[in-house]
Protein chains: 2
Amino acid sequence: MKNADVHHPIFDEIADLARTLGHAHRLVLLRHIADGELAVEQLTQLSGIALANTSQHLQQLKRAGLVQTRRDGKRVLYRLADGPIENVLGALRSLANHRREQIRELIDDTMSRPDSLESISREELVRRMRDDEIVLLDVRPREEYAAGHLPGAINIPVGELEERLAELPREKVIVAYCRGVQCVLSADALAILRARGWDSRRFEGGLPEWLNSSLDDDGMNYESG
Amino acid sequence: MKNADVHHPIFDEIADLARTLGHAHRLVLLRHIADGELAVEQLTQLSGIALANTSQHLQQLKRAGLVQTRRDGKRVLYRLADGPIENVLGALRSLANHRREQIRELIDDTMSRPDSLESISREELVRRMRDDEIVLLDVRPREEYAAGHLPGAINIPVGELEERLAELPREKVIVAYCRGVQCVLSADALAILRARGWDSRRFEGGLPEWLNSSLDDDGMNYESG
DNA sequence: CAGTCATTCAATGTATTGATTGATTAATTG
DNA sequence: CAATTAATCAATCAATACATTGAATGACTG
């Protein structure tokens, strides 16, 4: 748009793309859209962003080619466009985490304990659930929990966790999970739990991985899409 | 910074990161820095960005943790910070290219010919160079060529290519190269050459790959770092 | 075909960002 | 220690981006 003579126009294109990702609201919306097609109003509810504002951010994402739309009755459904979008998000996320860790290593020691964010494997999870050693904690928003969750999991959205700690048994290991490997909600939950003295782990698999590998036939509470 | 209550603060951090990458100048600077430690003035020359402006963009990159500095006499040398920075850039680039291709497929047919941007392998390059079938064209800026180039390559920076087409023999295949797999200069050069009727290919390896695998001992004109 | 629901558009005010200029600091040289 | 070189800072102005509001469109419903 400006000094096009300086270098190559692809830098402008990449910059436009990056700028589109340069707002927390749009990242939040993308995250939700990545889980499946959603209408605008659902997105406002999941994200807490005002309606018109949501719509405008969505349109920026659309202009940038990151999402596509389709009409269904009076609703407009947004879905991820194809292309390596999640690669970009994943790369950005891991870079941000990298920075985070570097900062934490300097100022914080509780969080930098090597096992503090350690995840628990699916096999170990199943075994220890059977032995009733652990409590499985779903920290996603109410709506997502309602739409389907792991068997035996209780739901405390991470925003309410601090107030509702009393619901968790002190003597058991708390295993938090959320949407999948990229989801940070459960990591956040761990921070809270560990700060209050719970022995907590993270189930990295999250819901999608569990679903993809029907490990047991205990019955999932999956109701609808 | 604003609605931190809506979701998780990591979204703000990622957004900040993305916004830092959301300006062509900073991407250009990063690209050059990625090739090795450089002082501010060198960067202004390579990029064509005004001095004070360059300095300010560099400081944004530094604040974002993407580059680090070290003083050497009166110069300040910038280098890439560690962490998966190039992953992010690569992911962004490939997403941008993906979009580009999709657009090209719709509006352009010259450029979408399957072999138009096809690369030539190192082995084929060496063989056909020996047989004098091809002309090797280095499309990087003069300074970079001066610092080292492939044996036998001639240098026409891509910006001057259009005016200096007369220097290229019509009867040979032109093989363009630039900085490496991610570099788009040579793709741009191909567009120009093919538009004027040359048979042209791209050597995807670029300079770094060539250097990393000393294929022949013809002697490289690599002078200094 | 009037009413309503879902979404988008248009307009406004404010805040942030970027480029430019000239002044300033830091390290080196004579 | 004055002069020079390299980089940053500070101040300004223009351009963009964002949130909010209220109006307008589009599609279904009775």
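Proteins come first, then strands; the chains are lettered A, B, ... in the order of their sequence lines, and each starts at number 1.
Rounded to whole Å, the distance from CD1 on A:Ile49 to C1' on D:dA17 is 15 Å. When the P atom of C:dT17 is taken as reference, atom CD of B:Gln60 falls 8 Å away, rounded to whole Å. Whole-Å rounding puts the A:Arg19 CZ to D:dT16 P distance at 10 Å. The nearest whole Å value for the distance from the NE2 atom in B:His57 to the P atom in D:dC9 is 15 Å. At whole-Å resolution of the value, CG in A:Leu61 and P in D:dC18 are 11 Å apart. Spacing between atom NE2 of A:His23 and atom C1' of C:dT17 amounts to 14 Å, rounded to whole angstrom units. B:Asn53 has its CG atom 13 Å from the C1' atom of D:dT8, to the nearest Å. Summarising the geometry, the separation between NZ on A:Lys62 and C1' on C:dC9 is reported as 14 Å, rounded to the nearest angstrom.
If you check C:dT7, D:dT8, C:dT20 against the side chain of B:Val40, the one that comes closest is D:dT8. Listed nucleotides: D:dA19, C:dA6, D:dA7. Nearest to the side chain of B:Ser55: D:dA7.
Contact annotation: B:Arg75 side-chain N/O to D:dA7 OP1/OP2 distance is not under 4.0 Å. At the phosphate of D:dT8, OP1 or OP2 sits under 4.0 Å from a side-chain N or O atom of B:Tyr78. The phosphate of D:dA19 has OP1 or OP2 within less than 4.0 Å of a side-chain N or O from A:His25. For D:dC18, the OP1/OP2 oxygens have a side-chain nitrogen or oxygen of A:Arg26 closer than 4.0 Å. Taking only side-chain nitrogens and oxygens, A:Gln56 never comes nearer than 4.0 Å to OP1 or OP2 of C:dT7.
A donor-acceptor distance shorter than 3.5 angstrom exists from the side chain of A:Arg26 to the backbone of A:Thr20, with no hydrogens or angles considered. The backbone N or O of A:Leu17 lies less than 3.5 Å from no partner atom in the side chain of B:Arg99, so there is not a single donor-acceptor pair.
Looking at heavy-atom distances under 4.0 Å, A:Leu51 makes contact with a base. Within the 4.0 angstrom heavy-atom criterion, no nucleotide atom of any strand lies near B:Gln42.
Atom CZ of B:Arg70 sits about 13.0 Å away from atom OH of B:Tyr78, to the nearest 0.5 Å. Here the CD-OG1 distance, from B:Glu37 to B:Thr69, works out to 9.5 Å after rounding to the nearest 0.5 Å.
Considering every non-hydrogen atom in both A:Ala91 and B:Ala91, the closest pair reads CB-CB, 4.3 Å.
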Letter per nucleotide, 5' to 3', of nucleotides 22-30 of chain C [B base touched, S only sugar-phosphate touched, - untouched; heavy atoms, 4.0 Å]: -----SS--

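The shortest side-chain heavy-atom distance between A:Leu27 and A:Arg31 does not fall under the 4.5 Å cut-off.
Aromatic ring orientation, A:His23 versus A:His57: tilted (interplanar angle from 30° to 60°).
For A:Gly22 and B:Ala39, each mapped to the nucleotide of DNA chain D holding its nearest heavy atom, the one lying further toward the 5' end belongs to B:Ala39.
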Test side-chain contact (heavy atoms from CB on, under 4.5 Å) on B:Asp16 and B:Glu13 and set out the steps. CA-CA 5 Å; B:Asp16 287 346; B:Glu13 293 177 26; 5.6 Å; no

